[in-house]
Amino acid sequence: MPRFAANISLLFAELPYLDRFDAAARAGFAAVEILFPYDVPAKQTHRALLSNGLELVLMNAPPPNYTGGTPGYGAVPGGEGRFEHDIRRSLRYAESLKPGLLHVMSGYTKDPAAKATFVRNLQWAADLAPAQTFTIEPLNPGDQPGYFMDDYDLAAEVLDAVDRPNVGLQYDTYHAQVIHGDAAQVWKDHGARAVHVQIGAAPGRSEPAEGPIDFPALFRTLDADGYAGWVSAEYNPTTRRTEDSLHWMSVS
Ligand SMILES: O=C(O)C(=O)[C@H](O)CO
Ligand SMILES: [Mg+2]
């Protein structure tokens with residue numbers, strides 16, 4: 001059975017930020033991920049992790065968050081200065097929070113030079129922090145119109161070109177299903193590149209218990225394939241209280 005983590009940017013969002021750590025621990029999670037921890041001093045997040053015995057699996061780099069901001073500059077030609085600034089800021093947070101993984105966002109661009117730019121920037125980040133593992137993740141264009149990293153085949157091409165041991169794929173069932181129509185097939189094609197897995201149903205991004213994705217079968221496949229990373233719940237609970245949406249953890 002996979003090791004489950006909670007994405008507390010989406011799960012337990014009915015609670016104030018610092019209370020989500022307690023709630024995740026109480027619900028049985030040993031690890032959490034946070035999309036954008038930058039609105040709160042790293043010290044406070046660190047204390048909340050420590051006092052609940054929680055590991056931080058992943059956070060996003062670079063900031064800012066989506067509230068009017070752009071999701072990164074990784075692939076944006078001309079945005080290299082901003083990219084480097086944001087990655088350095090993320091790494092300062094990472095010094096105390098010690099996320100196993102840093103998700104590098106590509107930003108919005110369809111410039112012909114975007115792929116080469118993303119490859120160069122990822123190589124720069126990977127070489128700057130060789131002990132840190134970085135991820136890239138395709139996001140479906142319905143949610144993020146104009147976002148560069150919007151396809152798993154493209155992610156594979158970028159990873160091949162980056163060619164660094166500390167850069168890998170973030171596989172998300174919800175995006176994989178929406179983009180390619182078959183999340184299980186995407187895992188077959190690209191699972192070997194995955195250093196992180198996120199789960200959510202498609203098309204509505206609700207709990208991993210409904211829709212076309214067979215989650216119990218996916219969990220068996222992850223085990224059979226020897227996937228040893230975290231499987232993080234990243235969905236919008238349909239229940240008022242997140243804990244009431246967690247039945248998939250015990251039936252899988
Ligand atoms: O939207 C997602 O699926 C993610 O995992 C991201 O990290 C987006 O910020
Ligand atoms: Mg995701």
Side-chain angles (χ1 to χ4, degrees), residues 2 4-13 17 20 31-39 45 56-76 83 86-87 89-90 93-94 97 99-108 118 122 125 132-152 154-155 158-159 167-180 183 186-187 190-191 193-208 211 213 215 218 222 227 229-237:
F4 294 119
N7 178 312
I8 58 167
S9 298
L10 271 64
L11 270 63
F12 303 106
Y17 175 71
R20 297 178 197 172
V32 295
E33 61 179 34
I34 307 165
L35 296 184
F36 300 102
Y38 306 100
D39 291 340
T45 297
L56 182 62
V57 177
L58 168 134
M59 62 187 214
N60 279 10
N65 64 21
Y66 293 147
T67 50
T70 178
Y73 292 86
V76 180
F83 175 81
D86 288 345
I87 288 287
R89 182 168 179 220
S90 303
Y93 264 72
L97 301 184
L101 304 164
L102 269 184
H103 170 205
V104 178
M105 302 194 77
S106 71
Y108 299 127
F118 203 21
L122 286 164
Q132 177 66 58
T133 299
F134 297 88
T135 67
I136 60 172
E137 179 192 24
L139 304 181
N140 80 77
D143 285 4
Q144 291 291 340
Y147 189 73
F148 171 70
M149 182 41 58
D150 62 357
D151 182 285
Y152 278 81
L154 175 61
V158 168
L159 289 171
V167 184
L169 178 69
Q170 185 168 322
Y171 165 83
D172 183 322
T173 58
Y174 160 68
H175 291 295
Q177 182 72 29
V178 173
I179 296 169
H180 295 284
V186 173
W187 176 264
H190 299 298
R193 301 171 191 281
V195 294
H196 190 48
V197 171
Q198 294 173 320
I199 51 171
R205 203 171 213 183
S206 49
E207 38 273 39
I213 304 169
F215 286 98
L218 175 73
L222 296 180
Y227 173 74
W230 289 96
V231 173
S232 192
E234 187 186 36
Y235 63 86
N236 298 306

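Nothing here was measured: the structure is a model prediction, and the numbers come from that model. Numbering of ligands and ligand atoms starts at 1, following listing order. All values below were derived from every heavy atom in this structure, side-chain atoms included, with hydrogens, water molecules and symmetry-related copies excluded. Sequential numbering from 1 along the given sequence is applied to the chain's residues.
- Near Asp172, meaning under 4.0 Å from one of its heavy atoms, ligand 1 places the atoms 3 (O).
- Between Tyr152 and Ile179, the shortest heavy-atom distance links the atoms CE1-CD1, 4.3 Å.
- Taking a cut-off of under 4.0 Å to the non-hydrogen atoms of His103, the atoms of ligand 1 that pass are 6 (C), 7 (O).
- The ligand atoms of ligand 1 that sit less than 4.0 angstrom from a heavy atom of Gln170 are 5 (O).
- Contacts between Asp143 and ligand 1, counted as non-hydrogen atom pairs separated by less than 4.0 Å, are absent for every part of the residue.
- Taking a cut-off of under 4.0 Å to the non-hydrogen atoms of Leu139, the atoms of ligand 1 that pass are 1 (O), 2 (C), 3 (O).
- Side-chain atoms of His175 never come within 3.5 Å of backbone atoms of Glu137 as a donor-acceptor pair (strictly under, hydrogens ignored).
- One side chain, Glu33 or His196, offers a donor N or O that lies under 3.5 Å from an acceptor on the other.
- In summary, the aromatic rings of Tyr38 and Tyr93 are positioned with their centroids under 6.0 Å apart.
- For ligand 1, the atoms lying closer than 4.0 Å to a non-hydrogen atom of His175 are 1 (O), 2 (C), 3 (O).
- Remark: distances from the non-hydrogen atoms of Arg205 to ligand 1 include one below 4.0 Å.
- Nearest approach of His103 to Thr135, heavy atoms of both residues: CA-OG1, 3.1 Å.
- Ring geometry, Trp187 versus Tyr171: the interplanar angle exceeds 60°, so the pair is classed perpendicular (tilted spans 30 to 60°).
- Taking each heavy atom of Ser90 and Met59 in turn, the nearest pair found is O-CE, 3.4 Å.
- Listed for the Thr173 side chain is a donor-acceptor partner under 3.5 Å among the backbone atoms of Gly200.
- Distances under 2.8 Å from the Mg ion (ligand 2) pick out the protein N/O/S atoms Glu137 OE2, Asp172 OD2, Gln198 OE1, Glu234 OE1.
- Shortest non-hydrogen contact noted between Ala233 and Leu11 is O-CD1, 3.5 Å.
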